[in-house]
2 protein chains.
Amino acid sequence: MPTLEDVARRAGVSTATVSKVLSNTPYFTAETRDKVLKAVKELGYVPNLAARALAAGKTHIIAVVFPYVYDAIFTDPLIMLILQGIEAECTQQGYNLLLSTPRLSDEAVDPIYLQLVQSGYMDGIIAIDNHPRVSALEPVHQRGIPAVAIGYHPTRYYVRSADQQGGYQLMQHVLDLGHRRIGIISVPETMHPSIHYRLVGVRQAAEQAGLDARAIPEWDGDFSTPSGAAAAAHLLSEHPDLTALVCLNDRMALGAIQQAREMGWRVPDDLTVVGYDDIPYAAVFSPPLTTISQQAPELGRVAARMLLEVLRGGQPEPSEVSTHLIVRQSSAPPRTAQ
Amino acid sequence: MPTLEDVARRAGVSTATVSKVLSNTPYFTAETRDKVLKAVKELGYVPNLAARALAAGKTHIIAVVFPYVYDAIFTDPLIMLILQGIEAECTQQGYNLLLSTPRLSDEAVDPIYLQLVQSGYMDGIIAIDNHPRVSALEPVHQRGIPAVAIGYHPTRYYVRSADQQGGYQLMQHVLDLGHRRIGIISVPETMHPSIHYRLVGVRQAAEQAGLDARAIPEWDGDFSTPSGAAAAAHLLSEHPDLTALVCLNDRMALGAIQQAREMGWRVPDDLTVVGYDDIPYAAVFSPPLTTISQQAPELGRVAARMLLEVLRGGQPEPSEVSTHLIVRQSSAPPRTAQ
DNA sequence: CGGCTCTAGTTAAGCCCTTAACTATAGCAT
DNA sequence: ATGCTATAGTTAAGGGCTTAACTAGAGCCG
């Protein structure tokens with residue numbers, strides 16, 4: 001592989017000139033520039049990134065960190081959609097993506113991850129979500145590496161989904177259709193701040209419609225499809241007068257629909273079921289699911305842009321990405337209202 | 001951040017000694033070793049990876065390349081499961097993962113990708129799958145970077161799923177249940193070698209059971225759920241006597257089940273439907289889908305192991321990962337046989 | 001006891017690039 | 001003509017690590 005020196009020799013200039021021409025430093029004649037670029041092209045010169053990293057202290061690597069807290073992290077559509085957004089923005093701006101999935105536990109940070117962070121290998125970090133107790137960003141901050149968090153990390157730069165808005169939109173949609181006897185399928189509220197805020201939004205809409213938020217039947221699952229089915233089974237047998245189920249994620253909503261169907265309810269004719277997240281499968285399920293889109297790729301893109309801004313010396317404001325209601329066929333006015 | 005020199009000074013030895021002790025070179029007294037390690041610990045020294053990469057020519061970075069040939073690549077469960085396997089193995093062996101999703105087109109290779117490959121930034125490459133015409137590995141080979149392909153890349157080191165075996169197992173299962181009037185939902189056979197081999201396996205099983213493989217009704221979709229529904233609609237109306245549908249991926253199978261249901265068929269009572277891939281959702285669908293598992297994470301793990309072996313100077317043999325039949329509730333004996 | 005082989009550690013060159021500091025020339029106002 | 005500024009390019013000092021080549025002492029043999 002040709003080096004800077006080879007190019008300099010061929011172009012008849014110094015290595016400094018080549019380096020500067022390649023990084024678009026001003027004060028060079030068009031002639032010199034052309035000579036250099038010609039030599040670069042002829043030799044097929046590509047800068048050695050390791051050398052550049054060492055000399056400049058910049059690697060052009062962004063690490064995406066998502067703690068390996070549960071098994072199926074690579075098949076979590078939300079995380080992957082966020083990753084897609086990050087990837088698109090970083091690639092476009094000439095940054096490479098390093099994947100890091102530290103095994104965080106309550107006691108300690110993954111030592112391999114720690115090494116990586118301290119090795120000066122990356123210019124910045126985007127952390128997706130947070131572990132309930134240990135923060136993946138702590139060692140990062142200690143080392144002063146620019147970082148952006150997606151979610152509820154307590155940190156300077158972050159991007160969040162408008163969870164409260166999403167919860168509100170979802171409940172409002174169900175209320176608008178005329179439903180008043182509504183059940184909620186959630187997860188334990190303390191499990192995750194995003195869930196908490198979604199519930200705040202849901203309750204806000206309920207109160208505004210004159211309902212007593214505390215009286216709404218609610219049952220907790222664990223995000224999984226079977227747990228959604230179980231929750232639906234419970235709610236529908238305890239409260240057979242329900243006309244709608246509001247689920248705080250799509251997988252539980254799909255489980256709820258399956259369960260309702262098995263219990264003889266038709267969706268949406270007898271029962272409206274709505275979800276949250278707009279996972280890819282929501283659109284092709286039967287019936288296609290009414291849900292809230294978090295715009296996950298946008299979340300990733302905004303986070304990437306924010307980090308790159310920080311790397312350029314900027315001080316961007318934290319940002320919130322709006323949610324969208326996506327109306328499909330799993331929701332309809334209640335029977336009695338027809 | 002402390003450097004090698006700081007450690008050397010504190011331990012009262014040369015930088016070379018520190019470097020060698022840290023890389024487990026022999027010929028050092030236990031005493032020297034201890035002095036060095038003590039200094040390392042006290043200073044919290046972590047080697048600078050950029051410097052190490054420059055000096056040693058090794059970055060400990062493995063690039064995972066999956067061409068961005070279609071939109072939903074980040075939500076393709078197969079790819080993500082493979083990635084998970086790769087990640088597990090690489091992390092364990094102290095390698096970092098760089099994600100690269102070149103935008104390949106028929107005419108040219110993504111220039112950014114090309115730069116990356118030639119920049120000497122990574123020790124090796126794992127390429128997932130292949131673009132029908134342009135190979136992501138061509139520039140890699142030109143540069144002599146160790147590479148392993150997952151799929152049908154024409155390259156020295158590769159890992160494949162036993163597609164023919166999988167097709168055979170799938171068809172055999174349906175035949176074993178007693179079905180003889182079977183429809184196939186596939187994609188155009190020339191679209192992808194893996195599909196071709198699956199079909200070879202399917203036909204082999206059919207012939208062995210005394211069926212005329214050429215007479216089996218077949219309709220092509222495009223991997224998507226709606227296309228599976230459309231294919232099922234076509235096959236079931238043209239051939240109402242069918243008792244089973246063999247689908248070459250899960251998403252089409254799910255679409256087929258939805259469609260069959262809407263046309264009044266019950267699954268599996270009136271119609272057996274089986275898929276291929278064992279995507280996560282297959283297990284929680286209603287009914288849970290009988291399908292073939294490619295053991296995608298294992299595919300990734302094997303590929304990673306193979307690459308690391310090559311990096312150590314080995315010459316591993318290409319490898320094939322077995323498929324498994326996973327029987328769930330979408331398949332049952334045909335009505336007439338009961 | 002000279003010469004040889006091990007063992008244990010050091011010296012210093014180099015990996016390839018960036019960039020601060022410097023030189024040199026031209027153009028211009030005074 | 002002098003001094004100044006802007007332009008155009010060079011020199012050389014690193015950045016932090018690895019490793020080939022070397023030194024030096026110890027142990028051993030004939």
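Since this is a predicted model, take the numbers as computed values, not measurements.
Within 4.0 Å of A:Thr32, counting heavy atoms only, lie sugar-phosphate atoms of the nucleic acid but no base atom. In this structure, B:Thr29 reaches the sugar-phosphate backbone alone: every heavy-atom distance under 4.0 Å involves primed, P, OP1 or OP2 atoms, never a base. At the heavy-atom level, B:Pro47 lies under 4.0 Å from the strands shown only through sugar-phosphate atoms. Heavy atoms of A:Ala16 sit under 4.0 angstrom from at least one base atom. Using a 4.0 Å heavy-atom criterion, one finds that A:Thr3 contacts the sugar-phosphate atoms exclusively.
Using a cut-off of 4.0 Å between Lys/Arg side-chain N and Asp/Glu carboxylate O, A:Lys38 and A:Glu31 are scored as not salt-bridged. Using a 4.0 Å cut-off between charged nitrogen and carboxylate oxygen, B:Arg9 and B:Glu42 do not count as a salt-bridge pair. Looking at B:Arg301 and B:Glu87, no side-chain N of the basic residue comes within less than 4.0 Å of a carboxylate O on the acidic one, giving no salt bridge. Using a 4.0 Å cut-off between charged side-chain N and carboxylate O, B:Arg160 and B:Glu320 make no salt bridge.
Here B:Phe74 and A:Phe74 keep their ring centres 6.0 angstrom or further from each other.
For C:dG9, neither phosphate oxygen OP1 nor OP2 lies less than 4.0 angstrom from any side-chain nitrogen or oxygen of B:Thr17. Between B:Tyr27 and C:dT7 there is a side-chain N or O to OP1 or OP2 distance below 4.0 Å. Contact check, B:Ser19 against D:dT18: a side-chain N or O comes under 4.0 Å of OP1 or OP2. At C:dC16, none of the side-chain N or O atoms of A:Arg52 fall inside 4.0 Å of OP1 or OP2 (strictly under the cut-off). A close approach under 4.0 Å does occur between a side-chain nitrogen or oxygen of A:Tyr45 and OP1 or OP2 of C:dC17.
For the pair A:Phe28 CZ and D:dT7 C1', the computed distance is 10 Å after rounding to whole Å. The separation between A:Lys20 atom NZ and C:dC16 atom C1' is 17 Å, rounded to whole Å. Between the P atom of D:dA12 and the CG atom of A:Leu4 lies a distance of 17 Å, rounded to the nearest Å. Per the geometry, CD belonging to B:Glu5 stands 12 Å off C1' belonging to D:dG14, to the nearest Å. What separates CE of A:Met1 from P of C:dC16 is a distance of 11 Å, to the nearest Å. Rounded to a whole Å, the OH atom of A:Tyr121 is 13 Å from the P atom of D:dC17. Rounded to whole Å, the distance from NZ on A:Lys58 to C1' on C:dC16 is 18 Å. One atom, CD of A:Gln118, and another, P of D:dG16, lie 16 Å apart when rounded to the nearest Å.
In this structure, A:Asp110 has no side-chain hydrogen bond (donor to acceptor under 3.5 Å, both in side chains) partners at least two apart in sequence or on a different chain.
Below 30°, between 30° and 60°, or above 60°: for B:Tyr95 and B:His60 the angle between ring planes is below 30°, a parallel geometry.
At most 12 non-hydrogen atoms from other residues, nucleotides or ligands lie less than 6.0 angstrom from CD of B:Glu5.
Checking B:Ala51 against B:Arg33, the closest nucleotide of DNA chain C that is more toward the 5' end is the one next to B:Arg33. Nearest-nucleotide positions on DNA chain C place B:Ser14 closer to the 5' end than the other of B:Ala56 and B:Ser14. Both A:Ala55 and A:Val13 sit near DNA chain D, but only A:Val13 has its closest nucleotide nearer the 5' end.
The overall bend of the helix from C:dC1-D:dG30 to C:dT30-D:dA1, read as the angle between its terminal helix axes built from five base pairs each, is 50° when rounded to 10 degrees.
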